[in-house]
Amino acid sequence: MRPDGEPVSVDRTITDDPGYEQDNVEHFPQNKTVRYVSHMSGGEPAAYDTWSFEEWGRIESAEVGATRARTVTARRLGVEEVGSGMSSPPDEAETEGLVITVQISKTLSRDGEVVSWPVATFPDLKGAAPRSVDVTLSIEGDTFSRPVPVYVSYSVMHYD
């Protein structure tokens, strides 16, 4: 379900430092590609992949946007934290690429007892979460921008 909150924006400049230390990416402006660390082992890069700058931007924008949506929603609700993530859009969505999800949940024990309550009601979450996050990413003079749609959800989790 789409939320009703005012949209927000975020700009992020990624530094292409040697060795992937800061952002785990290496940018190749000559062919507009980004090489990134796709797997870590023992705290060190173990595997790399390369994507077009646009393909990388579509994924990275959802990740950056999810962090912004989570922070803004929690602040608007007056709580410490809400959950967030990225997912494929729902079937009925009129968008392509990853979208942002902001969620709250209730956790139940094996016996059905409430272990933790959600930090807000679903109607409050729907009113507080931004409808979208306008994300602009910049790296070495190349820029990628897109509005990333936000969806909200409520779940009940059970301990096994």
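The figures that follow rest on heavy atoms only: side chains count, while hydrogens, waters and symmetry mates do not. Predicted model, so just to flag it, every value in this text is computed and none were measured.
- Side-chain atoms of Arg2 come within 3.5 Å of backbone atoms of Arg131 as a donor-acceptor pair (strictly under, hydrogens ignored).
- Within 6.0 Å of CE in Met40 there are more than 12 heavy atoms belonging to other residues, nucleotides or ligands.
- One side chain, Arg146 or Ser61, offers a donor N or O that lies under 3.5 Å from an acceptor on the other.
- The distance from the OG atom of Ser84 to the CD atom of Glu63 is 10.0 Å, given to the nearest 0.5 Å.
- Linking Ile, Leu, Val, Met, Phe, Trp and Tyr residues whenever their side-chain heavy atoms come within less than 4.5 Å leaves Val99 and Val133 in two separate clusters.
- Closest of all the heavy-atom pairs between Ile100 and Gly65 is CD1-C, 3.3 Å.
- Note that the CH2 atom of Trp51 and the OG atom of Ser38 stand 8.5 Å from one another [nearest 0.5 Å].
- The heavy-atom pair separating Pro7 from Pro130 by the smallest distance is CA-CB, 4.2 Å.
- Just one of His158, Glu113, Met157 meets the side-chain contact (heavy atoms from CB on, under 4.5 Å) condition when paired with Thr107; it is Met157.
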Show your working on side-chain contact (heavy atoms from CB on, under 4.5 Å) between Asp142 and Lys32 and close with a plain yes or no.
-> CA-CA 8 Å; Asp142 281 332; Lys32 294 209 180 263; 2.7 Å; yes

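- The number of heavy atoms from other shown groups lying within 6.0 Å of CD (Glu55) is above 12.
- A salt bridge between Asp49 and Arg35 is absent, with no side-chain N of the basic residue lying under 4.0 Å from a carboxylate O of the acidic one.
- The shortest distance between side-chain heavy atoms of Tyr48 and Tyr36 does not fall below 4.5 Å.
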Trace of the side-chain contact (heavy atoms from CB on, under 4.5 Å) decision for Val148 with Leu98 = CA-CA 8 Å; Val148 185; Leu98 294 172; over 6 Å; no

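- A heavy-atom distance below 4.5 Å is not found between the side chains of Thr136 and Val10.
- Shown here are the ring-ring contact (aromatic ring centres under 6.0 Å, His included) partners of Phe53, two or more places apart in sequence or in another chain: His27, Trp56.
- Counting only distance, with no hydrogens or angles, the side chain of Arg68 and the backbone of Ser9 share a donor-acceptor pair below 3.5 Å.
- Between the CD atom in Glu26 and the CD atom in Glu140 there is a gap of 9.5 Å [rounded to 0.5 Å].
- For the pair Arg58 and Phe144, the cation does not sit on the ring face, since its NZ or CZ is not both under 6.0 Å from the ring centre and inside 45° of the axis.
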Begin with the C-alpha distance, continue with both residues' side-chain angles, and end with the deciding distance and a verdict on side-chain contact (heavy atoms from CB on, under 4.5 Å) for Leu125 and Leu77.
-> CA-CA 7 Å; Leu125 175 68; Leu77 288 170; 4.3 Å; yes

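- Within the 4.5 Å cutoff, the side chain of Pro90 has heavy atoms near those of the Tyr151 side chain.
- No more than 12 heavy atoms of other residues, nucleotides or ligands shown are found within 6.0 angstrom of OH on Tyr159.
- In this structure, the side chains of Leu137 and Ile14 come closer than 4.5 Å at one or more pairs of heavy atoms.
- The structure places CZ of Phe28 at 14.0 Å from OG of Ser52, a figure rounded to the nearest 0.5 Å.
- Closest non-hydrogen pair, Val152 versus Ala129, comes out as CG1-CB, 3.6 Å.
- Between Leu108 and Val115 the shortest heavy-atom distance is C-CG2, 3.9 Å.
- Side-chain contact check for Gln103 and Thr101: at least one donor-acceptor pair (N or O, by modelled atom type) lies under 3.5 Å.
- In this structure the side chain of Ser145 reaches within 4.5 angstrom of the side chain of Thr143, judged on heavy atoms.
- Pairing each heavy atom of Ala62 with each of Met86, the nearest pair is C-SD, 3.6 Å.
- In this structure, a donor-acceptor pair under 3.5 Å is present between the side chains of Thr33 and Asn31.
- Contact record, Ala69 with Val150: CB-CG2, 4.5 Å, taken as the closest heavy-atom pair.
- Within the model, atoms CG of Asp124 and OG1 of Thr73 stand 12.0 Å from one another, a figure rounded to the nearest 0.5 Å.
- Sparse packing is recorded around CD of Glu94, with 12 or fewer heavy atoms of other residues, nucleotides or ligands lying under 6.0 Å away.
- Considering only heavy atoms from C-beta on, Val8 stays 4.5 Å or farther from Asp134 through its side chain.
- Checking Val135, Val64, Ile139, Thr67 one by one against Arg12, the side-chain contact (heavy atoms from CB on, under 4.5 Å) holds for a single residue, Val64.
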